[in-house]
Amino acid sequence: MKNTKEIIESISSWKRTNSCGELRKKDIGKEVVLMGWVQSRRDHGGLIFVDLRDCNGLTQIVFDPEESTEAHQKVRKIKNEYVIAIKGIVVPRLPGSENPNMPTGDIEVRVKQIKILNISEALPFNIDDKLEISDNLRLKYRYLDLRRPKMQRNIKLRHQICMEIRNYLNNKGFLDIETPFLTKSTPEGARDYIVPSRVNPGKFYALPQSPQLFKQLLMIAGFEKYYQIVRCFRDEDLRADRAPEFTQLDMEMSFIDREEVFSLIEEMFVYLFKKLFDVEIATPFLKMDYQEAISKYGTDKPDLRFGMEIIDLTKVFNKSSFKVFQEVLSNQGKICAIKVEEDNQFSRKKLDDLQLFISSFGAKGLSFIKFKEGKDFQSSIAKFLSSEEIEKIRRETKAQQGNIILIIADKKEIVYETLGNLRLKLANDLNLIKKEKEEYNFLWVTNFPLLMYNQEEKRFEAVHHPFTAPLDEDIKLLDSDPLKIRSKAYDLVLNGNEIGGGSIRIHNNDIQKKVFKLLGIDDKKAEQKFGFLLQALKYGAPPHGGIAFGLDRLAMILAGARSIREVIAFPKTQKATCLLTDAPSEVDLKQLKELHIKLDL
RNA sequence: GGGGUCGUAGUGUAGCCUGGUUUAACACGCCUGCCUGUCACGCAGGAGAUCGCGAGUUCAAAUCUCGUCGACCCCGCCA
């Protein structure tokens, strides 16, 4: 780049007086110094208009050869994204040339002096929100992508969320306490990210999947109210709402039970929404049993912004002549349905499409019945249906003319998962969720089972995590019927997204040992992996519990984004790489040697 | 590990199904010049792509086939 040195000037004694977003009519007559990037230049030969951008907004600045020949000469050289400083007078725009689309559209700055602070090559893409740019390019030039107003808004919103959460919790007496990143690998849960230890050959740290154990130790240490906005690491495959490193709002409290957690969090969201959007959130939030969520919505994170609940038709078909249904029933399966009320001409293609969709959840087939005028109906399983069954279906589903009943018969888990997902897909396809109206539908899902059975490994697993307390009345089942035990775990669901989850913890050494045992963690292994916790539980551990929120997910929902990458400044790709820095990458042999590591590829 | 969508000038797309009248089109951006009230400024001219990469089929491949790489969505996985 030739002549660079001649063009670029020092900021020297100039001081910025205002941001580009703030000048209004009331500032007319003031001499101001603005600094920022050239968003666009409109050269009329004589007059030259420039939109100057900084993190606060845009201001139109005008170069008139009659005002300053020197400034006018200089500005002819500038291009998009040059960094400039200007000194000039705020003046009203000519009557009729005000721009109502700009907050600063009533004024402009008549420039007397300009300094070019830096030049810019032509960018790989434009800094505006109009064009959809591929993720590939956006991530490679993330620092440019982040210049776009939409990204600036998202990142600012995220900051505000964090700030207000901190304000709220600080005022409630919570302490922000840091916990280690280089910590110990624990069994159960997700795959760990591993860090080799140089000074301890052959040994490894694990990055924390969450600060779970440390926050419990902080309660035992007597801090009583802890929070942290903290990075967590899980080496699992990604999704639109899941990244390998993500941020949690992590909290823990002593001497509380579930109700205290609920009311504290509800109040926090009321505060947050009031501060951020001036929106009133109604409390208390709705609560729903895990079992009810599963049986009505097929998921533990139901979206209650629309109906279309799952209807159990198992009994209706108990004498079915349909072989497929008979088989399902004899294997203790279920036959359930959802009703599509919108009078939709479900075309053959649409039904094929749904057929394909449900198969991805392991369901084998989708049957349908469309109720028409009077007793008339149309069905994929018409020849297996008795008129009595038809009437029962009509009654159970309260189907009206034009409604379509979609039926899945399969193993219980598959039926619920499939219909749960089908429900969401149909709501989306049929536009049942009114997007134009911001709706925040909060829901506590409670009384999760403590354990589930892992068929492959032939053992119990913790539904939440191994430190979750059973319901008091279910403790007696620990010895007799572990799968029936309900836990003091809870999730907070917002518009069908799980935004947080937590539990009251076990603070009793004996119960903790028992739970470990049920999970197949014998005394020796428990000692080796969680010895420090079991030990700590012996020294006057207070009753305690807490909750953690997925901050990325929360920010995503509040920003109206479709992926958490939109609210993370420097996100990773689906293969957990960073296109900007090219991480992960190979390291020097010397580094590996220091770490006592040999590669085996 | 599996299924799907996508990959064409700097960017976003069209062309691909049905191979050859395509010298690969359009818009934005970029470069040069003109233009004193624009704000998606306007006008005139110009540069820029061996169609992700590799093999195959064919007289002929952006177009068909296979492989491979990358991005995204989903299943598995994520207490």
Side-chain angles (χ1 to χ4, degrees), chain A residues 39-52 58-67 72 76 79-81 91 93-102 104-105 108 110 121-128 130-141 144-145 186-192 209-210 212 232-244 246 356-363 417-418 421 424-425 448-452 454 456 460-468 487 489 491 498 501-503 515 519 548 550 562-563 565 571-575 577 579:
Chain A
Q39 174 73 25
S40 78
R41 189 186 64 156
R42 296 176 293 279
D43 185 343
H44 290 250
L47 282 181
I48 295 173
F49 298 94
V50 169
D51 287 339
L52 192 64
L58 287 174
T59 299
Q60 173 166 286
I61 59 181
V62 196
F63 294 81
D64 187 338
E66 287 169 24
E67 179 73 43
H72 189 262
R76 289 177 64 182
K79 292 171 187 161
N80 282 352
E81 299 306 309
V91 296
R93 293 212 187 172
L94 292 188
S97 68
E98 299 91 348
N99 188 344
N101 301 321
M102 290 171 78
T104 60
E108 62 196 10
R110 212 175 148 77
E121 292 183 15
L123 264 42
F125 50 83
N126 286 352
I127 307 299
D128 62 46
K130 290 184 197 88
L131 275 184
E132 285 284 312
I133 311 148
S134 74
D135 283 37
N136 236 328
L137 209 63
R138 291 180 60 193
L139 293 178
K140 183 171 176 194
Y141 298 98
L144 297 179
D145 188 38
T186 53
E188 305 275 313
R191 197 176 293 115
D192 287 319
Q209 297 179 21
S210 80
Q212 181 60 39
C232 303
F233 306 87
R234 293 176 193 176
D235 188 4
E236 298 292 347
D237 288 337
L238 288 79
R239 287 287 189 284
D241 63 351
R242 258 167 36 194
F246 60 101
L356 193 72
F357 178 77
I358 61 129
S359 67
S360 72
F361 303 99
E417 201 197 337
T418 306
N421 281 293
L424 291 175
K425 178 181 166 59
F448 280 76
L450 185 73
L451 303 167
M452 59 188 167
N454 184 325
E456 278 166 33
F460 293 117
E461 276 180 354
V463 168
H464 185 54
H465 58 51
F467 321 106
T468 302
S487 73
D491 277 356
E498 182 205 321
S503 63
V515 170
L519 292 171
R562 49 170 250 289
S563 160
R565 286 189 305 275
K572 302 239 183 319
T573 71
Q574 199 165 44
K575 280 203 175 150
T577 65
L579 296 178

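In the text below, chain A, chain B and the rest are named by the order of the sequence lines, each starting its count at 1. What you see is a predicted model, and the numbers here were worked out from it, not measured in a lab.
Between the P atom of B/C30 and the CZ atom of A/Phe125 lies a distance of 15 Å, rounded to the nearest Å. As rounded to whole Å, 13 Å separates atom P of B/C28 from atom CG of A/Asp128. Between the C1' atom of B/G7 and the NZ atom of A/Lys140 lies a distance of 15 Å, rounded to the nearest Å. Across the protein-nucleic acid pair, A/Leu137 atom CG and B/G29 atom P stand 17 Å apart, rounded to whole Å.
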Letter by letter from the 5' end, nucleotides 69-74 of chain B scores (B base, S sugar-phosphate only, - none; protein heavy atoms under 4.0 Å) -SSBBS
When you check every protein heavy atom under 4.0 Å of nucleotides 31-42 of chain B, what one-letter string (B, S, -) results, 5' to 3'?
-> S---BBBBB-B-
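Checking B/A25 for Watson-Crick or G-U wobble geometry (two distances, each under 3.5 Å) identifies B/U13 as its partner. When both pairing distances are held under 3.5 Å, B/G67 makes a Watson-Crick or G-U pair with B/C53. Searching all strands for a Watson-Crick or G-U wobble partner of B/G19 with both distances below 3.5 Å returns nothing. Across the strands present, B/U32 finds its partner in B/A44; the criterion is a Watson-Crick or G-U wobble pair with both atom distances under 3.5 angstrom. With a cut-off of 3.5 Å on both Watson-Crick or G-U wobble distances, the partner of B/A60 is given as none.
Straight-line distance between the C1' atoms of B/G12 and B/G29: roughly 11 Å, to the nearest whole Å. Comparing the C1' positions of B/U57 and B/C66 gives an interatomic distance of 10 Å, to the nearest angstrom. Across B/G10 and B/G1, the matching P atoms stand 34 Å from one another, rounded to whole Å. Going from the P atom of B/C59 to that of B/G2 covers 36 Å, rounded to whole Å. Between B/A62 and B/G76, the distance separating the two P atoms is 41 Å to the nearest Å. If you take atom C1' in B/C51 and the same atom in B/C43, they sit 33 Å apart, rounded to whole Å. B/A61 and B/C39 have their P atoms separated by 48 Å, given to the nearest Å. A gap of 37 Å separates the C1' atoms of B/C77 and B/C64, to the nearest Å.
Residues A/Ser503 and A/Ala489 approach most closely at CB-CA, 3.7 Å, considering heavy atoms. The nearest pair of heavy atoms linking A/Leu137 to A/Pro124 is CD2-O, 4.3 Å. Closest heavy-atom contact between A/Arg234 and A/Ser210: NH2-CB, 4.2 Å. When all heavy atoms of A/Pro65 and A/Gly46 are compared, the pair lying nearest together is CD-O, 3.6 Å.
Under 3.5 Å, the side chain of A/Asp237 and the base of B/G76 form at least one donor-acceptor pair of N or O atoms. In terms of polar N and O atoms assigned as donor or acceptor, the side chain of A/Arg234 never comes within less than 3.5 Å of the base of B/C78 in a complementary pairing.
At a threshold of 4.0 angstrom between heavy atoms, the contacts of A/Ser210 include nucleobase atoms, whether or not backbone atoms are also involved.
With sequence neighbours excluded, the residues that form a salt bridge (Lys or Arg N to Asp or Glu O under 4.0 Å) with A/Asp51 are A/Arg42. Under the rule for a side chain to side chain donor-acceptor pair (under 3.5 Å), the partners of A/Thr577 that lie at least two apart in sequence or sit in another chain are A/Thr573. In this structure, A/Glu461 has no salt bridge (Lys or Arg N to Asp or Glu O under 4.0 Å) partners at least two apart in sequence or on a different chain. Checked against side-chain contact (heavy atoms from CB on, under 4.5 Å), A/Asp235 has the following partners two or more places apart in sequence or in another chain: A/Arg191, A/Tyr193.
Note on ring orientation: taking the six-membered ring where Trp is involved, the planes of A/Phe361 and A/Phe357 are perpendicular (angle over 60°, cut-offs 30° and 60°).
No donor-acceptor pair closer than 3.5 Å links the side chain of A/Asp145 to the backbone N or O of A/Tyr141.
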